[in-house]
Amino acid sequence: MCGICGILGSTADNSGSISRMLKAIAHRGPDNEGTFFEGQISLGHRRLSIIDLSKNGNQPMFSADGRLAIIYNGELYNYKSLRLELQRTQAGDAGARAYPFQTQSDTEVILAAYLRWGPECLKYFNGMYAMAIWDKEKKELFIARDRLGIKPLYYWHDGKTFAFASEIRALLKSGLVPKKLNTTALQDYVTTQTVHAPYTIIENVKMLLPGHYTVIKENEITAAKQTKYWSLHDIPNRQEDMPYEETCKRVNHLLYDAVEMRLVADVPFGAFLSGGIDSSIIVAMMSRLMTQKVKTFSVSFEEDKFDEAPYARQIAKQYNTEHHEINLSLKLFLSKLPEALSALDHPGGDGMNSYVVSEATKKEGIKMALSGLGGDELFAGYPLFKRLDKLNKMNWVTGFPKPITALPAHVYKLFNNTAAADKLLELMNLPDWNIETTYPVIRATIPVSEASKLLSVNSSIQKELYTNHRHDTLSQISELELSNYIPDVLLRDADQMSMAHALELRVPFLDYKLVEYVIGLKDDAKYPTTPKKLLVDATKGLLPDNIVNRTKMGFTFPWAEWMRGELKTFCEGNMIGLSMRPQFNKDNVQYLWKSFLSNSGKTPWSKIWHLVVLENWLKENEIDG
């Protein structure tokens with residue numbers, strides 16, 4: 001796991017820009033720094049050594065014939081089997097000569113695969129990655145991102161110069177990219193607590209989409225056309241009537257494979273353990289696959305109603321792990337908050353928990369950890385799956401006149417003037433209740449109508465949502481979760497917060513083979529009549545009943561109490577600052593803050609925190625606007 005950056009298209013000396021960009025992402029790779037300059041291409045790399053710790057694994061790395069140069073951030077889990085394939089010469093194929101490997105790294109396997117297959121090599125990869133390959137002969141740059149968007153890759157171009165990096169802050173430090181707020185993305189951010197790819201909070205800085213690549217020729221830097229090589233929407237339905245027991249066996253096999261592949265490392269590693277179903281299953285499987293004790297890490301709170309530590313301890317005891325518990329007091333949290341916010345590469349409403357547990361994990365000498373992220377989104381673990389499914393089945397109701405369908409919501413709102421009542425009314429006023437229309441309402445942090453009132457500018461960027469309607473309803477919802485919420489909220493936050501401590505995070509539930517299989521299943525195989533039924537049945541015997549059946553708590557902080565208490569001054573200052581920006585409506589933003597302080601239920605903490613973070617991030621990064 002590393003940090004990468006590069007510039008193409010400028011004949012000027014870019015060594016200063018690359019140096020500043022590398023300094024901005026030094027935290028991502030403390031083990032080595034490397035650069036490459038030739039003509040109009042400049043490449044930079046910061047290395048976090050996980051596989052092949054020798055200097056042979058340093059980057060930029062060059063192909064055996066000297067033609068290709070690569071900088072790469074990620075891990076290729078199937079690199080050993082691919083290496084064997086690439087060491088063989090295939091008869092009758094001039095492009096399939098055996099590659100003369102010089103290292104034991106997965107990076108060189110990518111180089112060899114690109115030499116043999118070109119961009120088609122991506123179809124052979126199983127891993128998480130963001131990469132850039134410079135072809136000296138063709139004078140072209142190839143950049144690519146993994147299927148699910150686990151690793152980030154941002155870029156900017158002005159028609160003459162193309163710059164890219166693992167983090168936005170590296171682009172901002174290059175001296176090439178104007179520090180200008182992307183006003184058209186503000187409604188997206190206010191509504192969803194993020195900006196959905198390919199857009200970002202910075203004007204003209206874009207994100208390479210998951211499952212996409214682009215090729216840019218040296219003398220044709222007029223655009224960056226993204227080419228899709230994989231998509232959730234293209235996953236076929238599984239029409240065969242396989243017995244449920246066989247489906248469970250297949251899920252079990254795929255998940256064990258996914259975990260085992262992610263145990264390959266030449267450094268000490270462990271796992272995040274919250275005590276929930278997903279992380280507990282990962283730890284259980286690790287324990288059965290490893291000969292040594294699994295090192296586990298969890299967060300505990302002084303406030304009992306937020307504390308999942310007893311469940312994490314139970315799993316740690318059952319599987320005899322080397323367990324580490326981080327007790328998070330208010331005093332400790334407040335001391336960590338400034339540095340955690342400074343670690344944000346892109347503003348958002350999540351990630352503080354990942355920062356704290358990542359820091360504690362790294363202090364124990366761990367350089368890589370497994371996480372249960374993705375289990376809820378793949379196996380229908382959130383309540384929204386049932387809600388959206390129910391609305392979809394009741395779509396016929398929307399055929400009645402709106403005054404009739406919306407009447408119950410208006411009555412409910414009279415007696416319960418809360419955020420939940422507002423959301424219900426918005427749902428009732430929708431033209432229909434298909435998945436694409438109801439999903440953004442359910443997932444929204446602030447309703448679109450309310451977000452518009454907080455802004456004084458027209459903000460039009462809204463990600464287009466669509467699904468493969470050949471899939472059953474639950475799979476359509478998973479598609480939306482895995483293409484929106486996962487990459488643009490959870491994965492982005494997990495990456496920036498773990499890499500702030502140079503900790504590599506691996507996510508077995510997002511193994512693309514497992515994802516393809518589960519998305520292709522019918523609803524009756526995974527409908528959550530009990531919590532994540534298919535996942536639990538597929539891993540029967542790994543978890544005790546009280547872990548499976550307990551009320552879902554989530555891995556979160558007691559934000560509301562803190563924001564009305566010790567964090568009040570910090571939050572209030574940023575809300576006032578945000579309200580003074582020309583893009584925001586001063587009175588409405590300040591009213592929202594006062595509504596939160598009143599604790600009426602109309603304004604939960606989640607409507608406030610991402611706005612506080614936005615203002616803090618804009619100030620810290622000196623963004624114009």
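Quick caveat, the model's predicted, so the values are computed rather than measured. Just so it is clear, the values below take in all heavy atoms, side chains as well, and ignore hydrogens, waters and symmetry mates.
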Under 3.5 Å side-chain donor-acceptor pair for [X] and [Y]:
X      : Y      : answer
Ser17  : Lys173 : no
Asn392 : Asn434 : no
Gln583 : Ser456 : no
Gln59  : Thr107 : yes
Tyr355 : Gln496 : no

Answer yes if the ring centres of [X] and [Y] are under 6.0 angstrom apart, and no otherwise.
X      : Y      : result
Tyr99  : Phe101 : yes
Tyr229 : His212 : no
Phe62  : Phe36  : yes
Phe164 : Tyr154 : no
Tyr72  : His45  : no

Between [X] and [Y], is there a side-chain N and carboxylate O pair less than 4.0 Å apart?
X      : Y      : value
Arg28  : Asp495 : yes
Asp31  : Lys55  : no
Lys123 : Glu120 : yes
Lys138 : Glu218 : no
Asp345 : Arg169 : yes
Lys139 : Glu137 : no
Glu622 : Lys619 : no

Got a second to check how far [X]'s [atom1] is from [Y]'s [atom2], nearest 0.5 Å?
X      : Y      : atom1 : atom2 : result
Gln40  : Ile221 : CD    : CD1   : 6.5 Å
Ile110 : Leu115 : CD1   : CG    : 12.5 Å
His469 : His233 : NE2   : NE2   : 10.0 Å
Thr192 : Gln187 : OG1   : CD    : 10.0 Å
Ile70  : Asp135 : CD1   : CG    : 12.5 Å
Tyr124 : Asn78  : OH    : CG    : 12.0 Å

Review point. Between Arg145 and Tyr129, is NZ or CZ placed under 6.0 angstrom from the six-membered ring centre and within 45° of the ring axis?
Key: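 No, a cation-pi geometry is absent between Arg145 and Tyr129.
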**Study point:** Candidate list Pro30, Ser354, Ser358, test side chain to side chain contact (heavy atoms under 4.5 Å, CB included), partner His501, passing option
**Key:**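 With His501 as partner, Pro30, Ser354, Ser358 yield a single side chain to side chain contact (heavy atoms under 4.5 Å, CB included), made by Ser358.
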Check your understanding: Is a donor on one side and an acceptor on the other found under 3.5 Å between the side chain of Glu108 and the backbone of Gln102?
Key ->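 Such a contact is found between Glu108 side chain and Gln102 backbone.
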